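What follows is a set of notes on a single structure, which appears directly below.
Small disclaimer: the values here were computed from a predicted structure and weren't measured.
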Amino acid sequence: MSRQTRKICYNFRGADAPPVVASRLGSLCSKITGSCTVKSVSGGSMDLALDATSEVQSATLYSGDILPFDIEDLIRVSFIAKLTASLPAAVMCSFGVASAFNAALDSVAQHAWFRCDGNSLVVETDDGTNDNDDKATGFSLSTTYRRCVIDFSTGILTRSPPAASLGGRAQTQFFVSNDTGALQRVAQSTSFDLSNYAGNLQLFAQIQKTTGTAVGTLSILEAEVEYKLPV
C-alpha cells in the first residue's frame, strides 16, 4: 500500500505577525537583527523588509529551529515570491528549506533553496558532503511573482553498474515559473545530491544586508510543503 501524503499551505492574507522564536506561539517564527520587519501586508504577502538604517540587518521567517520535516519524507516545497526590485550589492536573500539557523547563509549546514544576489535567481544545495553554490536558473526575481519549486521525489540519479541508481533527494530538482506561468526545470546540468543527509529540515526565508543604507523586501505570497506520512 502506498504511503499517504499531506500538504501544508502557508498563506498570509490577513493581519499576521509571526512571533519571535522564543515565544513559541506559532508554527512559523521571525528572527530579526536591526530595525527590519517580518509581517503580512496589504495584498496578501508576508514581507521580509530591510529599512534604510545604516546597520547590519537580517529578517528571517522560519520554524524556530524546530525542524518538522524529515528529508526522507519530503515530496515538494514551493514558494510564490517576488522582490521590491533588483537587490543592491549589499543585500541578499534566500528561501527554501534548511537545517538549524545560522546568521551567515553560507554556514547553514544543510539546505536546498533559491537565492538572490541582485535580482539574479540561483539555486543551492548542501547535504554536509555535496555543496552546490550559485547555480544559475536563467531567471530573475523582481517585482512580478514567480512560483519556485524544489522537488525531492521524482529525480533519478543514474549510476553505472554495479552501483545502483538513486532516486528522490539524490537528484533534487528545481523549477521556476516562466513568464506564462508554466513551471520550467532549471539548472539541469547540475546534480543536486542530498543523499548524505538523513535528518530534518524547516521552512526558511531570509533577507539580509551587511551594512549601509541599502533597502530591499522579499515578499512571499504563499509557501507549500508536500510530504509523506509514516507507513
Any side-chain donor near an acceptor of the partner, Q57 and E55, under 3.5 Å: yes
NZ/K82: more than 12 non-hydrogen atoms of other groups inside 6.0 Å: yes
Polar side chain donor-acceptor pair, T180 to N178, under 3.5 angstrom: yes
Crowding at CD, Q188 (>12 non-hydrogen neighbours, <6.0 Å): yes
Any donor-acceptor N/O pair, Q208 side chain to M92 backbone, under 3.5 Å: no
In one Ile/Leu/Val/Met/Phe/Trp/Tyr side-chain cluster, 4.5 Å: Y10, V77: yes
Under 3.5 Å, which donor-acceptor pairs link side chains of residues 61-68 to any protein atom two or more places apart or in another chain?
residue	atom	partner	partner atom	Å
D65	OD1	F101	N	2.8
D65	OD1	Q202	NE2	2.8

Shared hydrophobic cluster, V97 / V122 (ILVMFWY, side-chain heavy atoms < 4.5 Å): no
Linked, directly or transitively: F175 and F79 (ILVMFWY side chains, under 4.5 Å): no
Partner set under salt bridge (Lys or Arg N to Asp or Glu O under 4.0 Å) for E72, not counting sequence neighbours: R169
Same apolar cluster: V38 and V56, side chain cutoff 4.5 Å: no
side-chain contact (heavy atoms from CB on, under 4.5 Å) against T211, all qualifying residues, sequence neighbours excluded: none
Other cluster members, V41 - Ile/Leu/Val/Met/Phe/Trp/Tyr, side-chain contacts below 4.5 Å: none
Option among W113, F139, F192 that satisfies the ring pair (Phe, Tyr, Trp, His ring centres under 6.0 Å) test with F174: F192
D133 and K135 ion-paired at < 4.0 Å: no
Donor-acceptor contact below 3.5 Å, side chain T53 vs main chain S35: no
Residues which pass side chain to side chain donor-acceptor pair (under 3.5 Å) with D127, listed by chain and number, not counting sequence neighbours: N130, N196
ILVMFWY cluster, V149 and V176 together (side-chain gap under 4.5 Å): no
Carboxylate-amine/guanidinium proximity below 4.0 Å for R3 and D73: yes
Check: Q110 main-chain N/O paired with S99 side-chain donor or acceptor under 3.5 Å: yes
Under 3.5 Å donor-acceptor, S94 side chain and F114 backbone: no
Return a table of donor-acceptor pairs under 3.5 angstrom between the side chains of residues 213-229 and protein atoms on other chains or two or more places apart.
residue	atom	partner	partner atom	Å
S219	OG	D47	OD1	2.8
E226	OE1	R76	NH1	2.9

Residue D179 excluded, over 12 heavy atoms near CG under 6.0 Å: no
